Amino acid sequence: IKGSGNVSAQGIGTARLGGKFSLKPISSKRNHFALSLVGLIPIDGQQSNYATTKNFQIETAFSYLRFMPYKIVSGAQIGYHFLRKHSITAKGKEYFQIPDQSFWGLYAKRELWNHSPLWGIVELNGSVPIANGSYSSFNTPAEILLAVNYRSKLDWNITSGFGAGLTSSVGLPDYRIFIAFIKVFKDRDTDGDGIYNSKDACITSQEDTDRFEDSDGCPEADNDKDGL
């Protein structure tokens, strides 16, 4: 664990289980808002070189997505992490207690090629403790993530990638690998053009954003309909 003095540890840490809920009343074709709620379940380590926490944790966040030209999707989120006196332990000894945190994230993704089920993702995230005192790289973790997302036709998304710590904060790994399985319920956006399938006349072809009939979800090859 970076920044943890004489604690040398490896481990899984926590399992995450939660949901993300679309805020359709305030969302539009190009701007999407959502709320998420995630529970973090501790996995108690038994090995002597394993560090973990024994407290159940909760995260809640507000996120924003912007669908841009060239099939680029950018996003940002801000949230609150209820740590409930989060502690890091190793070899049965408690080393640190960390207060609740406010966290943030920025990311962008793009299709790897036209009509590809694979998307490349880059993300930058971090957090700031909600407590009195000075702030330094020790208690303000920041991390960069690179990942690939696979979008199946069965409403499952699979994301796998690599992350690296940018600061020497306690609890922030030097590096990590991860995999996530996401089930999409009800309305979805198969072609990733920002128009839900229920309103998309071409669910497998992305809308071309050219200010001509941009709300039907279909690319228009001949805007002036002159046959050319």
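Starting from 1, each residue takes its place in the sequence as its number. All values derive from a computational prediction rather than experimental measurement. Computed from heavy atoms alone, side chains included, the values below leave out hydrogens, waters and symmetry copies.
Taking the salt bridge (charged side-chain N to carboxylate O under 4.0 Å, His left out) definition, one finds that Lys71 meets it with Glu111, sequence neighbours left out. In this view, Phe21 satisfies the side-chain contact (heavy atoms from CB on, under 4.5 Å) rule with no residue, not counting sequence neighbours. For Tyr80, the side-chain hydrogen bond (donor to acceptor under 3.5 Å, both in side chains) partners two or more places apart in sequence, or in a different chain, are Asp100. With sequence neighbours excluded, no residue forms a side-chain hydrogen bond (donor to acceptor under 3.5 Å, both in side chains) with Ser63. Contacts of Val148 classified as side-chain contact (heavy atoms from CB on, under 4.5 Å), with partners at least two apart in sequence or in another chain: Leu118. For Leu37, the side-chain contact (heavy atoms from CB on, under 4.5 Å) partners are Ile58, Thr60, not counting sequence neighbours. Annotation: salt bridge (charged side-chain N to carboxylate O under 4.0 Å, His left out) contacts of Arg176 (sequence neighbours excluded): Glu143. Partners of Phe62 according to the ring-ring contact (aromatic ring centres under 6.0 Å, His included) rule, which considers only residues two or more places apart in sequence or in another chain, are Phe33. The side-chain hydrogen bond (donor to acceptor under 3.5 Å, both in side chains) search around Gln77 returns none, not counting sequence neighbours.
The minimum heavy-atom distance linking Leu65 with Gly75 is given by the pair CD2-CA, 4.1 Å. Taking each heavy atom of Thr159 and Ala147 in turn, the nearest pair found is CG2-CB, 3.9 Å. Across all their heavy atoms, Ser22 and Ala34 have their closest contact at CA-CB, 4.2 Å.
Crowding of Leu17 atom CG: a count of heavy atoms from other residues, nucleotides or ligands under 6.0 Å not exceeding 12.
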Criterion side-chain contact (heavy atoms from CB on, under 4.5 Å) on Ser74 and Met68, from CA distance to verdict = CA-CA 7 Å; Ser74 62; Met68 305 171 65; 3.3 Å; yes
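Considering CD1 of Ile78 and CG of Leu106, their distance stands at 10.5 Å, rounded to 0.5 Å. Rounding to the nearest 0.5 angstrom, the gap separating the CG atom in Leu166 from the CG atom in Leu124 is 6.5 Å. Lys109 contributes atom NZ, which lies 6.0 Å from atom CG of Asn149 (distance to the nearest 0.5 angstrom). The distance from the NE2 atom of His32 to the OH atom of Tyr64 is 11.5 Å, given to the nearest 0.5 Å. Note that CD of Gln101 is 3.5 Å distant from OG of Ser127, once rounded to the nearest 0.5 Å.
By the criterion of side-chain heavy atoms lying less than 4.5 angstrom apart, applied directly or through intervening Ile, Leu, Val, Met, Phe, Trp or Tyr residues, Tyr70 is not grouped with Val73; the two fall into different hydrophobic clusters.
In the model, Asn157 has no side-chain atom that pairs as donor or acceptor with a side-chain atom of Tyr150 under 3.5 Å.
Looking only at distances, no side-chain donor or acceptor of Arg66 sits under 3.5 Å from a matching main-chain atom of Ile72.
Sorted pairs that involve residues 107-129 and meet ring pair (Phe, Tyr, Trp, His ring centres under 6.0 Å), not counting sequence neighbours, are lacking altogether.
Applying the under-4.5 Å side-chain rule to Ile, Leu, Val, Met, Phe, Trp and Tyr, the cluster around Phe178 extends to Leu145. When hydrophobic residues (I, L, V, M, F, W, Y) are linked wherever their side-chain heavy atoms come within less than 4.5 Å, the members clustered with Phe162 are Tyr175, Ile177.
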